[in-house]
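Data block below; observations after.
Chain naming here is simple, since letters A, B, ... match the order of the sequence lines and numbering starts at 1 in each. Please read all numbers here as calculations on a predicted model, not as lab measurements.
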2 protein chains.
Amino acid sequence: MTDHIPRGDRSASCDELFKALSDATRRALLEYLVREGEQSVHALTAISGVSQPMVSRHLGKLKRASLVTARRSGRETYYTARAKGLAPVVQWMAVYGALWSQRFTALEDLGGY
Amino acid sequence: MTDHIPRGDRSASCDELFKALSDATRRALLEYLVREGEQSVHALTAISGVSQPMVSRHLGKLKRASLVTARRSGRETYYTARAKGLAPVVQWMAVYGALWSQRFTALEDLGGY
DNA sequence: CCATCCCATAATCGAACGGTTATGAAATGG
DNA sequence: CCATTTCATAACCGTTCGATTATGGGATGG
């Protein structure tokens, strides 16, 4: 409330976000977390197709990009997709997508071409 | 009309798009094209902060990602931001952003900033 | 014509990246 | 306790990437 500008420390920069999303394996992990909810590294490794250390590193990047959060319980670490993480990218798309459509008067119906 | 799914041949894959958007210089070029409209490589080089060959290569990537089009006129090449290029990413965001918001019932301060 | 301008490509370099195996550190369970 | 599970980190390798300088090839204009 005291905070009009929501540029919190947990909000990643657009650059970091786009970089995090630019890898297919990372997106697959993220998509799985979105669809299935909180998952352990073990479970994510099972469906990722890459080694466990690689999964950990990918999750680390997603975490640094504020796209996931980690919860440690015993010897397992559970990762969860973070809701507000995509906000900066959504905003970027809104700004440039909007200007874009506006400039071209939306002769594109997104479905028609 | 025969085509319900907008998966046209000129539409780049999500992977290619995210990769194209993952570089700050490339995004700056794209943003400039969106704001200022069609520009020559010369003009883009002037505002990019990198060398002309690098601008050409960045534009090449944006073009391969279907985010810009090129028009050659004499010895100059004019690049234009392409409206429909962002569609796959917008769709991706819609799908996962939606599920996300739904799951967390949030999207709370997205309007705040 | 010839010098010039605009652009693209080639060669090259260092940094970053995705991936692997090996190792180590906690927590769990028999 | 000791073996095992779970995860993270380290060391390493090949590839990709961003960026540079150098080169070449078309248009342009004196």
Side-chain angles (χ1 to χ4, degrees), chain A residues 12-33 36-82 89, chain B residues 12-33 36-82 89:
Chain A
S13 70
C14 247
D15 196 74
E16 213 169 359
L17 273 171
F18 273 122
K19 277 186 168 57
L21 294 172
S22 71
D23 181 73
T25 302
R26 230 136 45 205
R27 281 199 309 278
L29 288 172
L30 195 56
E31 293 164 7
Y32 189 77
L33 285 175
E36 307 292 332
E38 193 181 58
Q39 297 288 327
S40 71
V41 175
H42 187 67
L44 291 172
T45 300
I47 60 103
S48 68
V50 296
S51 64
Q52 174 266 312
M54 206 56 218
V55 172
S56 278
R57 280 191 23 180
H58 280 313
L59 289 171
K61 284 208 169 190
L62 291 174
K63 187 179 172 190
R64 280 197 47 205
S66 301
L67 287 170
V68 301
T69 58
R71 175 177 71 87
R72 184 109 141 261
S73 171
R75 56 183 167 186
E76 300 187 346
T77 305
Y78 291 95
Y79 283 86
T80 309
R82 201 176 85 86
V89 179
Chain B
S13 71
C14 246
D15 196 74
E16 212 168 0
L17 274 173
F18 273 122
K19 278 187 167 58
L21 294 172
S22 72
D23 180 73
T25 303
R26 230 139 43 207
R27 280 198 310 278
L29 289 172
L30 194 57
E31 293 165 7
Y32 189 77
L33 285 176
E36 306 292 332
E38 192 182 57
Q39 296 288 329
S40 70
V41 175
H42 187 67
L44 291 172
T45 300
I47 59 105
S48 70
V50 296
S51 63
Q52 174 265 312
M54 206 56 220
V55 172
S56 278
R57 281 196 21 181
H58 279 314
L59 290 171
K61 282 209 171 188
L62 291 174
K63 187 179 171 190
R64 280 197 47 205
S66 303
L67 287 170
V68 301
T69 58
R71 174 179 71 87
R72 183 111 140 260
S73 171
R75 54 183 168 185
E76 300 187 346
T77 305
Y78 291 96
Y79 283 85
T80 308
R82 203 176 84 86
V89 180

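- With sequence neighbours left out, B/A28 forms a side chain to side chain contact (heavy atoms under 4.5 Å, CB included) with no residue at all.
- Near-neighbour residues of DNA chain C inside residues 13-22 of chain A, defined by a heavy atom below 4.0 Å, are absent.
- Among residues at least two apart or in separate chains, salt bridge (charged side-chain N to carboxylate O under 4.0 Å, His left out) pairs with a member in residues 38-55 of chain B are B/E38-B/R71.
- For B/Y78, the side chain to side chain donor-acceptor pair (under 3.5 Å) test picks out B/E76, with sequence neighbours left out.
- Within residues 41-54 of chain B, the residues that place at least one heavy atom under 4.0 Å from DNA chain D are, in residue-number order, B/V50, B/S51, B/P53, B/M54.
- Under the ring pair (Phe, Tyr, Trp, His ring centres under 6.0 Å) criterion, B/F18 pairs with B/W92, sequence neighbours left out.
- Taking atom CZ on A/R64 and atom C1' on D/dT9, their separation rounds to 15 Å, with Å as the unit.
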Quiz: residues 55-65 of chain A side-chain donor-acceptor pairs under 3.5 angstrom, not counting sequence neighbours:
| from | atom 1 | to | atom 2 | distance (Å) |
| --- | --- | --- | --- | --- |
| A/S56 | OG | A/Q52 | NE2 | 3.2 |
| A/H58 | ND1 | A/R26 | NH1 | 3.3 |
| A/R64 | NH2 | A/E16 | OE2 | 3.2 |

Inset, instruction - Determine, stepwise, if the pair A/L21 / B/L21 fulfils side chain to side chain contact (heavy atoms under 4.5 Å, CB included). - result: CA-CA 10 Å; A/L21 294 172; B/L21 294 172; over 6 Å; no
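- In summary, contact between chain A and DNA chain C, defined as any nucleotide atom under 4.0 Å from a heavy atom of the protein, begins and ends at C/dC17 to C/dT28 in the 5' to 3' direction.
- Scored by the salt bridge (Lys or Arg N to Asp or Glu O under 4.0 Å) test, A/E31 finds no partners at all (sequence neighbours excluded).
- Using a 4.0 Å cut-off between charged nitrogen and carboxylate oxygen, A/D15 and B/R27 count as a salt-bridge pair.
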